[in-house]
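Single-structure report; data block below.
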Amino acid sequence: MSDRTAIVTGAARGIGLATTKQLLAEGWQVAMVDRDAETLQAETASLNNAFGVVCDVSEPDQVASMVDEVAGDGGSLDALVNNAGVADFGPLEETDFARWRRVMATNLDGVFLCSQAAIPALKRRRGAIVNIASISGLRASTLRVAYGTSKAGVIQLTKQQAAELGEFGVRANCVCPGPVRTKLAMAVHSPEIIAAYHDAIPLNRYGSEDEIANMIAFLCSDKASYVTGQTISVDGGFDTTGVGLPALRAEAES
Ligand SMILES: NC(=O)c1ccc[n+]([C@@H]2O[C@H](COP(=O)([O-])OP(=O)(O)OC[C@H]3O[C@@H](n4cnc5c(N)ncnc54)[C@H](O)[C@@H]3O)[C@@H](O)[C@H]2O)c1
């Protein structure tokens, strides 16, 4: 049995599942949290040292029971990965309050609720929080009024967590993934959006779940023992660039 325990939310698929597998490979025990009970059960069945907890991270009572199940009774927790997220894109004027709340409830409330519930257990182990935001929280784009704003909130919440929890040895960092071909992204990335991403990313491609998981696992580990309050883009260079990459590429090819 491993002596390090992590909670990964949104672990049934995509980046959360890749992160779970990476942590398991590094010897962690992982509590895989998701509201999709069927997919969660199918995935946990094939993994050693992992167990599933069905929980909607936007529901305070469910979050309290989930943390209690994993680290209650004076139990400890070494890392919390707040990865569960939803993407529901729409223009500013067509984003009704129900859509706004649906996005905020998981993407921002969920991070707040899980982190708050886990603080006592994290303090006992001087553990780490890793929040998953997005490049959409760093730069505005079309259709992302709720999604982008929720992710910008996650970036700020991470800084607040780092400021308040540092004296207890608890670190908090934020990962901003660029585009990854998960179910979440493919539901909202049209062919035009995919082409536009390629145009704007120096590495000229989407990332993989494992490339994001590598950074998350690093931030959970002792190798990042002096890193806190940081927002780290894992985005093929997207955040560093402006316009003009396609023209430069065409020049290089000619
Ligand atoms: N894929 C991308 O291109 C991309 C880019 C930037 C950021 N992100 C962020 O990465 C994270 C993971 O995204 P992904 O692409 O792997 O998505 P995904 O849709 O493949 O997986 C998300 C998982 O979260 C679960 N989930 C959603 N709402 C939940 C809730 N309220 N409670 C519990 N579980 C819930 C889903 O059931 C699903 O298993 C998200 O926070 C997302 O915003 C993804």
Side-chain angles (χ1 to χ4, degrees), residues 7-22 31-44 52-67 80-89 101-114 117 129-139 141 143-144 146-155 157-158 174-190 193-194 196-198 200-201 205-213 215-216 231-236 238-239:
I7 291 174
V8 178
T9 70
R13 65 177 196 230
I15 293 167
L17 181 59
T19 301
T20 297
K21 289 179 177 171
Q22 175 98 19
M32 298 171 68
V33 173
D34 209 288
R35 66 179 174 190
D36 177 350
E38 204 178 316
T39 313
L40 186 64
Q41 201 191 349
E43 291 299 338
T44 47
V53 186
V54 179
C55 166
D56 184 329
V57 299
S58 69
E59 294 290 339
D61 293 347
Q62 292 186 33
V63 169
S65 317
M66 178 273 287
V67 171
L80 167 67
V81 179
N82 284 307
N83 164 78
V86 294
D88 190 345
F89 287 10
R101 276 306 311 145
R102 203 160 46 243
V103 173
M104 293 297 165
T106 290
N107 292 10
L108 188 53
D109 299 355
V111 176
F112 170 75
L113 290 170
C114 290
I129 297 173
V130 181
N131 297 323
I132 313 308
S134 168
I135 52 174
S136 297
L138 293 166
R139 292 165 62 155
S141 182
L143 310 179
R144 289 161 171 77
Y147 184 77
T149 306
S150 74
K151 295 301 191 179
V154 169
I155 292 167
L157 179 54
T158 306
C174 183
V175 173
C176 291
V180 179
R181 289 178 187 275
T182 61
K183 200 165 178 182
L184 172 144
M186 286 307 102
V188 287
H189 289 195
S190 62
I193 289 182
I194 293 171
Y197 268 126
H198 279 255
I201 291 176
R205 64 172 175 86
Y206 273 44
S208 71
E209 288 92 334
D210 284 338
E211 287 174 314
I212 312 300
M215 178 56 73
I216 298 170
T231 302
I232 300 169
S233 298
V234 183
D235 67 349
F238 176 85
D239 189 44

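One-based numbering, in listed order, for ligands and for the atoms of each. Since we're looking at a predicted model, the values are computed, not measured.
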Within the structure, does [X] bring an N/O atom to less than 3.5 angstrom of an N/O atom in ligand 1?
X      : answer
Val57  : yes
Pro179 : no
Thr182 : yes
His189 : no

Treating [X] as the side-chain partner and [Y] as the backbone partner, does any N or O pair qualify as donor plus acceptor under 3.5 Å?
X      : Y      : answer
Ser150 : Tyr147 : yes
Thr9   : Asn83  : yes
Gln62  : Glu59  : no

Among all the protein's non-hydrogen atoms, which is closest to [atom], and how far away is it?
atom                    : result
atom 22 (C) of ligand 1 : Gly85 O, 4.1 Å
atom 24 (O) of ligand 1 : Gly10 CA, 3.3 Å
atom 16 (O) of ligand 1 : Ile15 N, 2.8 Å
atom 12 (C) of ligand 1 : Asn83 OD1, 3.1 Å
atom 34 (N) of ligand 1 : Arg35 N, 3.3 Å
atom 5 (C) of ligand 1  : Gly178 O, 3.3 Å

[X] and ligand 1 - part of the residue with a heavy-atom distance under 4.0 Å:
X      : result
Cys55  : backbone
Arg181 : neither
Tyr147 : side chain
Val86  : side chain

Would you mind listing which atoms of ligand 1 come within a distance below 4.0 Å of any non-hydrogen atom of [X]?
X      : value
Thr106 : 28 (N), 29 (C), 30 (C), 31 (N)
Ala12  : 39 (O)
Gly14  : 16 (O), 20 (O)

If I compare all heavy atoms of [X] with all of [Y], which pair ends up nearest, and what's the gap?
X      : Y      : value
Val188 : Ile193 : O-CD1, 3.6 Å
His189 : Pro179 : CE1-CB, 3.9 Å
Gly178 : Ile135 : CA-CD1, 3.8 Å
Ser58  : Ala105 : CB-O, 3.1 Å
Ala12  : Asp34  : N-OD2, 3.1 Å

- Message: Distance to the ring centre below 6.0 angstrom and angle to the axis at most 45 degrees; does that hold for Arg139 and Phe238?
- Response: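 Positive - Arg139 is close enough to the ring of Phe238 and near enough to its axis.
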
- May I ask whether Asp56 places a heavy atom under 4.0 Å from ligand 1?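 Yes.
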
- Message: Heavy-atom count check: over 12 atoms from other residues, nucleotides or ligands less than 6.0 Å from Phe112 CZ?
- Response: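 At most 12 heavy atoms, drawn from other residues, nucleotides or ligands, come within 6.0 Å of this atom.
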
- Between Met32 and Leu17, does a side-chain contact (heavy atoms from CB on, under 4.5 Å) hold up when you go through it step by step? CA-CA 8 Å; Met32 298 171 68; Leu17 181 59; 3.8 Å; yes

- Query: Are Asp109 and Arg101 within salt-bridge range, i.e. N to O under 4.0 Å?
  - Reply: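 Yes.
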
- Item | Note: Glu209-Lys21 ion pair, threshold 4.0 Å (strictly below) |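 Answer for the salt bridge query: no.
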
Can you tell which of [options] gets a heavy atom nearest to [atom]?
atom                    : options                : answer
atom 9 (C) of ligand 1  : Ala185, Ala133, Cys114 : Ala133
atom 2 (C) of ligand 1  : Val111, Val180, Leu113 : Val180
atom 19 (O) of ligand 1 : Arg13, Lys151, Met186  : Arg13
atom 17 (O) of ligand 1 : Asp36, Asp34, Leu184   : Leu184

